[in-house]
Visitor: 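Before I ask anything, here is the structure I am working with.
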Amino acid sequence: MSMTFSGQVALVTGAAAGIGRATAQAFAAEGLKVVVSDVDVAGGEGTVELIRAAGGDACFVRCDVTRDAEVKALMEATLSQYGRLDYAFNNAGIEIEQGKLADGNEAEFDAIMGVNVKGVWLCMKHQIPLLLAQGGGAIVNTASVAGLGAAPKMSIYAASKHAVIGLTKSAAVEYAKKKVRVNAVCPAVIDTDMFRRAYEADPRKAEFAAAMHPVGRIGKVEEIAAAVLYLCSDHAGFTTGQALAVDGGATAI
Ligand SMILES: NC(=O)c1ccc[n+]([C@@H]2O[C@H](COP(=O)([O-])OP(=O)(O)OC[C@H]3O[C@@H](n4cnc5c(N)ncnc54)[C@H](O)[C@@H]3O)[C@@H](O)[C@H]2O)c1
């Protein structure tokens with residue numbers, strides 16, 4: 001399936017690594033201009049270098065998504081760099097190892113909710129006026145399969161990703177008539193550096209993670225990127241307010 005892009009502008013948060021980096025690369029490979037954003041400057045500039053080395057057009061803008069003024073400045077930088085914004089992938093997120101609910105603490109709650117929920121809300125708050133002003137566009141937010149059901153020992157993370165889906169659906173309905181589509185992608189376990197660091201030490205954990213998915217393996221960052229590009233493309237023109245699980249069948253069990 002060929003995508004329907006022709007030189008538009010995409011913004012990706014949390015683009016210094018993992019799913020965000022792969023999606024920024026995928027947008028660039030389709031000919032889009034990409035604003036790569038993250039708090040990790042070295043990683044973000046690394047993503048831009050990879051895109052330019054492959055012949056693409058990208059720039060890095062540092063932004064902490066928990067800060068209103070920084071998110072506002074990110075949109076201003078996008079406009080001054082490329083003159084418009086067509087697609088936003090609000091992907092920055094953190095996952096802090098937690099115990100059971102009663103063992104959690106306030107600092108973990110505030111940190112996880114700050115990045116995963118407030119960050120997505122602030123990004124959409126400052127993106128939607130740009131999309132409305134130019135007659136439409138698409139937003140994809142990164143939720144998780146932990147946004148669709150229980151996540152034992154990760155209750156705060158699960159709550160944050162349920163909240164991302166709540167923001168996604170509400171915004172989708174509010175702006176549907178204005179040609180702004182808003183969807184979420186819900187990955188299961190994806191092979192990222194973070195996953196490798198955690199599981200390299202213990203191959204049994206890696207086997208357990210693979211077995212959680214009916215397809216018998218964990219996912220690839222490129223498989224999430226492909227879903228995000230589809231949700232942004234005109235092929236998904238009738239799709240809004242959805243939380244698309246990209247999970248090797250994990251939530252079908
Ligand atoms: N990897 C998985 O298995 C998996 C599964 C489901 C959902 N997710 C979600 O996917 C998204 C990307 O995760 P990833 O696996 O690629 O992890 P990652 O840690 O490689 O990427 C997350 C990025 O977000 C950035 N970030 C963190 N706090 C930020 C802030 N305040 N402002 C701006 N950027 C910030 C980090 O610097 C990092 O580059 C997250 O929202 C995560 O919750 C990941």
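Each ligand, and each atom within it, is numbered from 1 in the order the structure gives. Given the structure is predicted, the values throughout are model-derived calculations rather than measurements. Positions are given from 1 along the sequence.
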Visitor: According to a hydrophobic-cluster definition based on side-chain heavy atoms being under 4.5 Å apart (Ile, Leu, Val, Met, Phe, Trp, Tyr only), do Leu122 and Tyr175 belong together?
Guide: yes

Visitor: Polar contacts were defined as any N/O atom of the residue lying under 3.5 Å from an N/O atom of the ligand; does this apply to Asn91 and ligand 1?
Guide: yes

Visitor: Once you restrict to heavy atoms under 4.0 Å, what part of Thr192 touches ligand 1? Side chain, backbone, both or neither.
Guide: side chain

Visitor: Side chain or backbone, does Gly14 bring an N or O within less than 3.5 Å of an N or O on ligand 1?
Guide: no

Visitor: State whether the shortest distance between N or O atoms of Val65 and N or O atoms of ligand 1 falls below 3.5 angstrom.
Guide: yes

Visitor: Mind checking whether Arg21 contacts ligand 1 via backbone (N, CA, C, O), side chain (CB onward), both or neither, at a 4.0 Å heavy-atom cut-off?
Guide: neither

Visitor: So is Ile190 polar-close to ligand 1, meaning N/O to N/O under 3.5 Å?
Guide: yes

Visitor: For ligand 1, find out whether one of its N or O atoms is nearer than 3.5 Å to an N or O atom of Asp40.
Guide: no

Visitor: With side chains defined as the heavy atoms from C-beta onward, is the minimum distance between Ser144 and Cys186 less than 4.5 Å?
Guide: no

Visitor: Report the member of Ala146, Ser160, Cys123, Ala92 with the shortest heavy-atom distance to atom 34 (N) of ligand 1.
Guide: Ala92

Visitor: Looking only at distances, can you tell me whether any N or O atom of Ser144, backbone or side chain, sits closer than 3.5 Å to an N or O atom of ligand 1?
Guide: no

Visitor: Quick one: NZ on Lys72 to CD on Glu76, what's the gap to the nearest 0.5 Å?
Guide: 4.5 Å

Visitor: Look only at interatomic distance and state if Asp64 has a nitrogen or oxygen under 3.5 Å from any nitrogen or oxygen of ligand 1.
Guide: yes

Visitor: Walk me through whether Leu32 and Val9 qualify under side chain to side chain contact (heavy atoms under 4.5 Å, CB included).
Guide: CA-CA 6 Å; Leu32 283 86; Val9 178; over 6 Å; no

Visitor: For ligand 1, indicate whether the residue Ala188 contacts it via side chain, backbone, both or neither (heavy-atom separation under 4.0 Å).
Guide: backbone

Visitor: Measure the acute angle between the ring planes of Phe5 and Phe27, then classify it against the limits of 30° and 60° as parallel, tilted or perpendicular.
Guide: perpendicular

Visitor: Is any N or O atom of Thr66, backbone or side chain, closer than 3.5 Å to an N or O atom of ligand 1?
Guide: no

